[in-house]
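To keep things clear, I will list the structure first and then write my remarks on it.
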Amino acid sequence: MPRYNPQDIEPRWQKYWDENHTFKTPDKISGEKLYALDMFPYPSGDGLHVGHPEGYTATDIIARQARMAGKSVLHPMGFDAFGLPAEEYAIKTNTPPRVSTERNIENFVRQLKMLGFSYDWQRQISTTDIDYVRWTQWIFTVLFDTWYDNDRQKGRPISALPIPDDVRAEGADAVRQYQDDFRLAYQSEALVNWCPKLRTVLANEEVVDGKSEVGGHPVVRKPLRQWMLRITAYADRLEQDLDGVDWSEGIKKLQRDWIGRSTGAEVDFYIGAADGVDAWKAARAQSGFPRKPADDVLRVYTTRPDTLYGATYMVIAPEHAAVGRLTTADQKEAVTTYVDAAAAKSDRDRQDDKSKKTGVFTGSYAINPVNEKPVPVWIADYVLATYGTGAIMAVPAHDTRDFEFAKTFGIDIVPVVSPPATADVDVQKLAAGEVCFAGVGTAINSGSYDGMATDEFKTAISKLLTQDGVGRAAVNYKLRDWLFSRQRFWGEPFPILHELDQEKYKEGVVEFTGAVRAVDMKSLPVNLPQIEDYTAKPDGDSGQYQPPLDLADKQWLFPEIDGVTYKRETNTMPQWAGSCWYYLRFIDPKNDTVFIDPELERQWMPVDLYIGGAEHAVLHLLYARFWHKVLFDRAHLQSQEPFQRLVNQGMILGDVEFTGYQNAAGNWVSSKDVKRDQDRRPVDTVGEPLELVKVDAGDVEKSGESWVLSSDKSIRIDSRAYKMSKSRGNVVNPDDIVKDFGADSLRLYEMFMGPLEQAKPWSMKGVSGVRNFLDRVWRLIVDDQNDQSLTLNAAVGDFTPTEEQTRTLHQTIKAVTLDIEKLSFNTAIARMMEFVNFFTKEKQRPQSVMESFVLLLSPFAPHIAEELWRLMGHAQSLALEPWPEYDEALTVESTIEIPVQVLGKIKARINVVPGTAKDELKKLALADEKIAELLVGKKIIKTVVVPDRLVNFVAK
RNA sequence: ACUCGGGUACGCAAACAGGCAAAGCGACUUGUUUUAGAAACAAGUGUUUGCGGGUUCGACUCCCGCCCUGAGUACCA
């Protein structure tokens with residue numbers, strides 16, 4: 001077998017690793033530990049994408065190298081297998097999702113093994129495993145049993161929640177309701193996109209122009225009972241604890257922005273009977289600021305309480321509870337029309353025309369608490385019901401959105417902040433209400449506060465508002481509570497039971513008492529029920545949507561416990577649920593008494609390296625951190641943060657494509673003359689439609705900055721690499737690459753393409769390039785002339801390495817070792833290529849040097865490395881061989897060449913011994929003929945000497 | 001619009017706590033050898049780091065402005 005033949009080598013070694021459990025996680029950690037984790041994939045029917053092996057190879061290199069360096073390594077893989085595609089497939093083919101999911105997982109495992117990843121397959125888990133679902137449900141019961149104690153900044157058991165006396169006096173039901181208001185898992189009416197015709201809830205992306213994407217049926221925004229998780233309670237900790245983790249600043253910022261903490265004040269504006277203002281103020285001065293506003297006030301949140309004197313109107317969201325109360329008879333029709341129209345718009349549609357401000361006057365006025373002036377109350381959809389209090393005080397002089405609105409509807413604009421002299425604002429225009437200034441400055445038109453700086457004013461007014469009981473300092477987050485329920489089949493059922501009215505149930509009527517309980521630990525898991533026909537849609541009474549689980553048989557749906565009948569919760573959890581804690585289960589995947597053994601958790605957590613796509617930079621990581629902190633607070637975990645180091649791999653794009661444009665007559669149009677019409681379709685300068693035409697790479701050439709058609713250089717061609725997608729037909733299948741080039745080539749190529757975190761286009765030529773490298777490695781050590789058997793290349797032998805060979809080896813070990821640490825795999829591979837280029841020329845290749853090199857190569861291309869290792873006489877796998885070490889002293893050159901500059905321009909080079917002293921270097925440089933010549937008659941003003949780097953003379 | 005990346009040879013890239021620009025792979029050229037195709041080996045080719053200014057003895061690297069490009073966010077009061 002002369003030639004390098006991965007198709008023969010690779011399956012053989014994969015079998016060997018499998019049979020010998022080569023990558024089994026040690027039972028006990030000895031020495032340093034490494035937990036290297038990949039974001040586990042959704043096992044789609046399409047199989048692995050070339051994007052998957054990118055991150056997986058990176059963690060695999062780290063894991064393999066760490067094992068060789070003597071660390072205890074945990075490197076597991078599993079599957080995030082709940083989710084929509086399996087359910088859609090079930091509806092289409094009436095295959096139970098569990099069946100298709102298991103089939104897909106099998107295919108994924110085959111592909112992953114084919115790539116030679118060193119996972120401990122004994123620990124494989126899937127979020128859909130019933131043993132796993134059990135603990136996901138158990139964690140939900142922990143969330144359900146927890147409330148957030150703001151004083152202690154900690155989640156605590158609901159039984160520890162202090163119950164106010166007045167609540168307790170009202171009885172058990174009142175206490176229960178009070179508790180439910182504090183639970184981290186709670187039910188709430190959330191606004192969703194509801195399509196009555198399809199009887200389903202739609203995602204924002206599925207709604208176009210107020211109609212369903214499928215079928216074009218009307219969609220309305222309507223409140224529906226949903227399960228929510230109170231992630232906002234943890235907002236501050238989720239933000240602060242980012243300081244302690246090794247993530248890129250970019251991702252931290254992404255999370256911080258998503259949490260979106262802002263500080264300001266809540267203020268109540270009086271909207272009761274006109275003659276009641278004084279009485280109200282007096283009462284408030286006594287009672288202070290109430291926790292929940294009564295019907296006689298409109299509560300707003302503002303980050304600029306210092307602009308209160310400039311509030312000339314108020315706006316409430318169309319969904320605000322006070323809409324009905326505030327609308328006068330005159331305005332009723334207009335308001336109803338507006339509110340209905342707003343309800344028909346999805347969030348996305350509202351964004352699309354956010355430049356135009358719309359709204360309607362309620363007919364009512366509110367009283368500004370600082371100056372007791374009445375201000376009109378408007379309804380507008382630029383105010384979001386879900387942020388702050390759903391109502392704002394509008395200060396058009398100092399907020400761009402309010403300014404646009406006030407301009408549109410002719411509302412007063414009163415400036416109350418005078419900009420600092422440095423600000424680029426026309427003060428005249430500002431005073432006239434013609435421009436808006438959103439910065440800070442000094443107060444004007446603000447009563448006794450005139451002249452006060454913005455910051456000072458904020459503090460002062462907050463104090464006064466608190467004193468008068470009409471306001472208080474407040475914090476708000478962009479982060480919303482997490483809408484946690486889905487009306488789908490293929491997800492974890494909630495371990496929740498709704499108590500039924502027992503009398504009515506006996507009469508065959510299902511009516512809830514409102515009491516809710518969690519399923520006992522011993523009754524977990526709650527399995528998904530059998531469903532006969534996935535195409536059936538449950539019939540809702542009165543147009544209410546019912547989730548597929550309502551189709552389950554009575555026995556599942558209505559369990560009886562201690563003589564009381566309940567109805568199970570029929571919503572299911574979102575796909576995020578299972579991925580929130582899988583990294584914990586990998587540590588102890590088979591435990592059936594606890595979700596993770598505390599001792600094992602202490603040993604292995606946190607995850608030392610977590611690699612995955614940037615698409616999960618916000619939600620998945622935020623959710624997982626949230627669950628982790630709750631479990632920590634409830635003493636089920638000892639670590640505060642799950643992922644110590646996080647790296648996002650860049651996306652792998654398709655091969656670069658060239659596109660040109662042709663008009664109806666088939667003539668080329670240069671891409672610089674192409675415009676877009678309203679529908680973003682390409683047109684030429686006079687608006688005639690154009691057709692996109694793919695151009696072969698052989699038909700274009702580079703002209704300056706751009707590409708042009710070879711046959712007509714005036715025609716500019718667009719060049720770009722696109723995301724891989726089925727519709728574009730540029731998807732690369734890992735199976736094909738392995739078949740044509742081998743798994744080692746695929747691994748090596750994906751690491752060699754460029755920096756891990758950067759997006760990069762795929763190139764088949766690049767794959768053959770690294771395959772070429774592996775061929776060279778093969779011939780370096782193997783005698784490829786011998787067709788009969790595998791023998792060493794005649795140049796390899798038991799030689800004493802020359803000085804240069806030793807230096808090359810040690811330089812390579814050093815570079816590769818450091819590059820792996822930095823996750824700079826592309827440069828590590830380049831260094832190994834240099835090594836091979838050097839030794840290919842050597843007629844005598846010491847076997848010891850070749851062995852060290854094979855060890856260096858093994859984390860990247862494990863199959864060929866194992867094969868060569870065996871050829872060199874080793875019976876055992878190299879997976880646990882010690883990682884080669886380098887001697888710094890052996891990496892240094894005996895002489896180096898350094899440049900000599902005059903006035904920063906290189907004029908000569910001198911050869912010196914590394915470490916030569918500054919004075920000596922200067923002397924040597926001056927002794928150089930050329931330099932001496934250049935310096936004749938000049939005065940040296942300054943000499944810059946950087947040892948081992950350069951000498952620079954500044955001379956005149 | 002905002003935020004964060006990125007712009008180095010024909011393509012992908014390396015160097016950046018300021019100090020010899022282009023390591024490595026592909027592409028391209030030539031030669032040698034074997035050849036049905038191809039492959040292997042050897043020797044070569046390429047340019048001033050998007051544009052303009054500044055700081056410095058010295059700038060791909062730092063600062064300011066602009067252009068192009070990718071990704072994310074989207075009325076959060």
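The model shown is predicted, which means the values in this text are computed figures rather than measured ones. Protein chains get the first letters and strands the later ones, always in sequence-line order, with residue 1 at the start of each. Both backbone and side-chain heavy atoms feed into the values below; hydrogens, waters and symmetry mates do not.
Across B:C57 and B:G18, the matching C1' atoms stand 12 Å from one another, rounded to whole Å. With both ends at atom C1', the span from B:G7 to B:U49 equals 10 Å, rounded to whole Å. With P as the reference atom, B:A77 and B:A59 are 45 Å apart, rounded to whole Å. The separation of B:C66 from B:C28, taken at their P atoms, amounts to 42 Å, rounded to a whole angstrom. The C1' atoms of B:U47 and B:G37 are separated by 37 Å, rounded to the nearest whole Å. Only the C1' atoms considered, B:C62 is 13 Å distant from B:G58, to the nearest whole Å. Spacing between B:U33 and B:C20 at atom P, rounded to whole Å, works out to 43 Å. Atom C1' of B:U45 sits at a distance of 11 Å from the matching atom of B:A9, rounded to the whole Å.
The cationic atom of A:K357 (NZ for Lys, CZ for Arg) lies less than 6.0 Å from the six-membered ring centre of A:Y382 and within 45° of the ring axis.
Distance A:F825 CZ to B:A14 P: 14 Å, rounded to the nearest Å. Whole-Å rounding puts the A:E757 CD to B:A13 P distance at 14 Å.
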Check your understanding: What pattern of brackets, bars and dots sums up RNA chain B from 5' to 3', given Watson-Crick or G-U wobble pairs under 3.5 Å, [ ] for crossing pairs and | for another strand?
Key -> (((((((..(((......[....)))((((((.......))))))....(((((..]....))))))))))))....
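Counting only heavy atoms from C-beta on, A:K760 has its side chain closest to B:A13 among B:A13, B:A77, B:A39. Proximity note for A:R949 (side chain, C-beta onward) versus B:A77, B:C20, B:C4: the nearest is B:C20. Here the side chain of A:I392 is nearest to one of B:A77, B:G58, B:A13, namely B:A77. For A:V954, counting side-chain heavy atoms from C-beta on, the closest listed nucleotide (B:C4, B:C75, B:C57) is B:C57. Residue A:D381 has its side chain nearest to B:C75 when only B:C75, B:C4, B:G19 are considered.
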Practice item. Go through the steps for A:Q649 and A:E750 under the test side-chain hydrogen bond (donor to acceptor under 3.5 Å, both in side chains), then give the verdict. Key: CA-CA 11 Å; A:Q649 82 219 35; A:E750 294 211 4; over 6 Å; no
Exercise for review: Kindly indicate, with the supporting measurements, whether the criterion side-chain hydrogen bond (donor to acceptor under 3.5 Å, both in side chains) is fulfilled by A:N368 and A:Y309.
Suggested key: CA-CA 8 Å; A:N368 186 335; A:Y309 284 88; over 6 Å; no
Nucleotides 21-31 of chain B: which of its N/O atoms have a protein N/O under 3.5 Å away?
from, atom 1, to, atom 2, distance (Å)
B:A23, O2', A:E834, OE1, 3.2
B:A23, O2', A:E834, OE2, 2.8
B:C25, OP1, A:N837, ND2, 3.2
B:G26, OP1, A:N772, ND2, 3.2

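When each of A:G754 and A:M393 is assigned the nucleotide of RNA chain B with its nearest heavy atom, A:G754 is the one assigned upstream, toward the 5' end.
A close approach under 4.0 Å does not occur between any side-chain nitrogen or oxygen of A:Q758 and OP1 or OP2 of B:A71. Taking only side-chain nitrogens and oxygens, A:R3 never comes nearer than 4.0 Å to OP1 or OP2 of B:A40. Applying the 4.0 Å criterion to OP1 and OP2 of B:A77, one finds that A:Y387 has a side-chain N or O inside that range.
The existence of a salt bridge linking A:D775 and A:R771 is confirmed by a sub-4.0 Å separation between a basic side-chain nitrogen and an acidic carboxylate oxygen. A salt bridge does not link A:R807 with A:E804: none of the charged nitrogens is closer than 4.0 Å to a carboxylate oxygen.
Nucleic acid contact class of A:T400 (heavy atoms, under 4.0 Å, all strands): none. Counting any heavy atom pair closer than 4.0 Å across all strands shown, A:K478 reaches a base atom.
Here the two rings, on A:Y749 and A:W762, have centers that are under 6.0 Å apart.
The side-chain heavy atoms of A:L748 and A:I829, taken from C-beta on, include a pair separated by under 4.5 Å.
The local environment of NZ in A:K252 is crowded, with over 12 non-hydrogen atoms from other residues, nucleotides or ligands closer than 6.0 Å. In the displayed structure, A:R949 atom CZ is contacted under 6.0 Å by at most 12 heavy atoms of other residues, nucleotides or ligands.
Between A:V816 and the options A:F835, A:F853, A:F860, a side chain to side chain contact (heavy atoms under 4.5 Å, CB included) holds for only A:F860.
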